[in-house]
Number of protein chains: 2
Amino acid sequence: MSQHKVISLETIRVACRNCSLSSLCLPMGLAPDDVERLDEIVKRTRPLHRGDFLFRDGDRFRSLYVVKTGSVKTFAPSPEGGEQVLGFHLPGEVIGLDAIDKDIHACSAKVLETSAICEVPFTRLEELTATIPSLQHQMYRLLSKEIGHDTDMLLLLGKKNAEERLAAFLLSLSKRLHKRGLSATDFYLSMSRHEIGNYLGLAVETVSRLFTRFQDDGLMNVDRKHIQLLDLATLESLVGGAGQNRRQQQQS
Amino acid sequence: MSQHKVISLETIRVACRNCSLSSLCLPMGLAPDDVERLDEIVKRTRPLHRGDFLFRDGDRFRSLYVVKTGSVKTFAPSPEGGEQVLGFHLPGEVIGLDAIDKDIHACSAKVLETSAICEVPFTRLEELTATIPSLQHQMYRLLSKEIGHDTDMLLLLGKKNAEERLAAFLLSLSKRLHKRGLSATDFYLSMSRHEIGNYLGLAVETVSRLFTRFQDDGLMNVDRKHIQLLDLATLESLVGGAGQNRRQQQQS
DNA sequence: ACCGCCGCTTGATCTGGATCAAGCGAAGAT
DNA sequence: ATCTTCGCTTGATCCAGATCAAGCGGCGGT
């Protein structure tokens with residue numbers, strides 16, 4: 001806790017137009033002076049550290065958050081006092097979209113590692129989107145994309161077995177990191193096995209056993225948090241559920 | 001198939017301002033002449049019948065659809081040739097929001113019973129929202145609400161057992177029908193046991209057994225598609241997972 | 001450098017719900 | 001009216017993954 005260094009503001013103060021995420025983030029396809037206007041409403045906070053909250057469930061909704069570097073998990077309380085991990089958020093990804101409706105956050109967002117986060121006050125963003133059609137369109141797409149992603153998760157939790165879930169999880173991380181310009185095959189997990197299991201609807205032990213199995217099968221190397229994917233093609237085929245002999249899925 | 005009656009257009013041609021769904025649908029809180037403008041872009045189609053598609057996965061995205069009466073299911077193909085039921089849509093609910101991002105439908109929407117559906121061409125709606133701030137806000141809320149709903153489903157599929165899932169499903173139907181002005185305790189299921197099971201990540205047999213059990217326990221009456229909920233309070237408590245003796249949920 | 005905690009792994013056992021297997025009966029077809 | 005199909009129910013069995021149990025070892029703290 002005593003290690004909070006004072007970071008020079010110059011390091012943080014990076015305008016949207018120079019942001020390496022610009023193609024992933026909101027401003028995609030905006031005219032230069034529209035980017036400027038967006039840039040003006042974005043707050044750049046000092047780096048957050050592992051365990052810090054962006055918001056907690058029950059908090060009033062004020063802003064969207066964009067991960068610039070690092071990672072964040074979101075999770076919702078379940079009635080019994082446990083929690084459901086809803087997602088892991090990597091650079092370029094937006095957090096808080098689910099709270100627009102009720103104006104109250106229904107989940108919490110916790111920083112998994114030292115991270116830089118942009119804060120975008122939603123009311124101001126809304127004013128902006130009303131005058132910049134292409135930004136409005138981006139917002140609709142952003143919200144829609146989130147729905148599509150949730151849909152994928154529903155299919156995963158509803159129809160896939162443990163092996164397929166973990167393979168899908170690893171490939172999802174891989175693709176998202178790659179899109180961000182990082183290695184698709186060599187990365188560190190910022191979340192615990194427990195959190196992965198919670199997210200995928202599996203017990204910690206199952207996650208651990210599958211890591212071991214995937215490694216034994218030559219699909220990947222696992223060393224603590226350090227992951228190396230060795231055979232993306234086979235992992236991809238595992239996700240498809242063509243595990244070899246799978247009963248014809250039920251047609252409803 | 002030979003029973004397609006010609007329905008008089010007057011029956012269908014009901015303007016938004018007179019629509020009984022107006023408080024649930026898009027126009028909430030709009031000025032009268034804004035409702036008028038919205039009304040002008042909404043297409044009202046002839047009634048659709050069981051088995052008709054609003055769209056299929058792979059179709060180009062053009063419109064959102066609002067259920068006026070009846071019900072619709074949406075479902076996505078899974079890699080193995082099966083499918084995942086993504087939702088059942090009742091009057092006042094909007095379909096197609098997930099396709100805005102990619103401009104292609106990733107799921108199909110199939111009518112479960114004779115239904116009246118409004119079609120809202122999205123491009124025109126987008127033009128409208130750009131000039132009516134409160135409508136824009138409604139759109140954001142609508143999209144956000146959908147994300148929130150998906151989040152609930154993730155918790156259900158990730159953490160709840162069969163009993164909790166079915167209880168949650170029944171109560172969800174009950175509340176949504178009630179909001180629409182229909183009975184919260186007496187209704188007909190327009191979907192099959194198979195579809196319910198698929199939606200909830202359960203086998204048909206499990207759904208059937210649970211219906212029997214709930215009935216034996218005096219929580220509800222089940223006669224084919226006809227459902228009567230007798231003890232909402234107990235059903236509610238089942239959802240909470242307080243089944244009685246439940247291990248303390250994992251804290252990630 | 002040492003200690004203690006906690007996250008992870010691995011093995012053994014248990015179980016909720018899936019799968020397999022038989023009817024049953026209602027709704028639609030002829 | 002009868003047939004046929006298909007959706008549903010109910011019983012028996014099976015199994016993937018949860019739970020229980022027991023270390024191991026890295027990492028943070030002092």
Side-chain angles (χ1 to χ4, degrees), chain A residues 1-3 49-51 80 82 112-114 156-167 188-198 200-216 221-227 238 241 243-252, chain B residues 1-3 49-51 80 82 112-113 156-167 188-216 221-227 238 241 243-252:
Chain A
M1 295 305 140
S2 58
Q3 50 154 16
H49 300 90
R50 175 169 183 80
E80 304 84 70
L112 290 171
E113 61 189 314
T114 303
L156 184 140
L157 291 178
K159 295 279 174 293
K160 309 256 184 209
N161 65 26
E163 184 180 75
E164 293 162 347
R165 292 182 197 190
L166 191 64
Y188 283 80
L189 299 175
S190 59
M191 70 295 289
S192 70
R193 303 286 194 270
H194 199 117
E195 288 167 325
I196 295 172
N198 184 312
L200 297 175
L202 300 173
V204 203
E205 293 92 330
T206 304
V207 174
S208 181
R209 276 186 251 272
L210 283 171
F211 272 140
T212 305
R213 170 134 59 93
F214 283 172
Q215 186 164 46
D216 291 348
N221 283 330
V222 187
D223 176 36
R224 267 279 165 178
K225 303 283 196 184
H226 184 202
I227 298 295
L238 284 184
Q244 41 192 325
N245 59 329
R246 168 167 278 273
R247 170 180 323 288
Q248 200 50 228
Q249 279 293 119
Q250 48 184 323
Q251 310 282 342
S252 53
Chain B
M1 295 300 140
S2 56
Q3 52 154 14
H49 300 90
R50 177 170 181 80
E80 303 83 71
L112 289 172
E113 61 190 314
L156 184 139
L157 291 177
K159 296 279 174 293
K160 309 253 183 213
N161 66 25
E163 186 180 74
E164 293 162 346
R165 292 182 197 190
L166 192 64
Y188 284 80
L189 298 175
S190 59
M191 70 295 287
S192 70
R193 304 284 194 272
H194 199 117
E195 287 166 326
I196 295 172
N198 184 313
Y199 178 59
L200 297 175
L202 300 172
V204 202
E205 293 92 330
T206 303
V207 174
S208 181
R209 276 185 252 272
L210 283 171
F211 272 139
T212 305
R213 169 134 58 95
F214 283 172
Q215 186 164 45
D216 291 348
N221 282 332
V222 187
D223 175 37
R224 268 279 166 175
K225 303 284 196 184
H226 184 204
I227 299 294
L238 284 183
Q244 43 192 327
N245 59 331
R246 168 166 279 272
R247 169 181 324 289
Q248 198 50 227
Q249 279 292 121
Q250 48 185 322
Q251 310 282 344
S252 50

Please check: side-chain N/O of A/R165 versus main-chain N/O of A/L157, any donor-acceptor pairing under 3.5 Å?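 Yes.
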Between the base of D/dG17 and the side chain of A/R165, is one N or O donor paired with an acceptor at under 3.5 angstrom?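 Such a pair does not exist between side chain and base.
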Under 3.5 Å donor-acceptor pair, B/R213 side-chain atoms to D/dT9 base atoms: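 Per atom types, no contact qualifies.
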Spacing of [X] atom [atom1] and [Y] atom [atom2] [to the nearest 0.5 Å]:
X	Y	atom1	atom2	answer
B/L210	B/R193	CG	CZ	11.5 Å
B/M191	B/K225	CE	NZ	8.0 Å
A/L200	A/T206	CG	OG1	10.5 Å

Minimum-distance nucleotide to [X] side chain [options: [options]]:
X	options	value
B/E205	D/dG17, D/dT19, D/dT10	D/dT10
A/S208	D/dC20, C/dT9, C/dA18	C/dT9
B/A203	D/dA18, C/dA18, C/dG11	C/dA18

What are the two closest heavy atoms between A/S190 and A/E113, and how far apart are they?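 Of all heavy-atom pairs spanning A/S190 and A/E113, the closest is CB-OE2, 3.5 Å.
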Roughly, in whole Å, what's the span from CG in B/N161 to P in D/dA18?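 In whole Å, D/dA18 P lies 14 Å from B/N161 CG.
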Reading DNA chain C from 5' onward, which residue's closest nucleotide shows up sooner: B/V207 or A/T212?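 Final value for this comparison: A/T212.
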When the C1' atoms of the five terminal pairs at each end define the local axes, what inter-axis angle does the helix from C/dA1-D/dT30 to C/dT30-D/dA1 show, to 10 degrees?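 Inter-axis angle at the ends, rounded: 60°.
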Polar atom pairs between nucleotides 3-7 of chain C and protein, under 3.5 Å, N or O only, would you list them?
none

Does the side chain of B/N198 reach to within under 4.5 Å of the side chain of A/K159, using non-hydrogen atoms?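 They are in side-chain contact.
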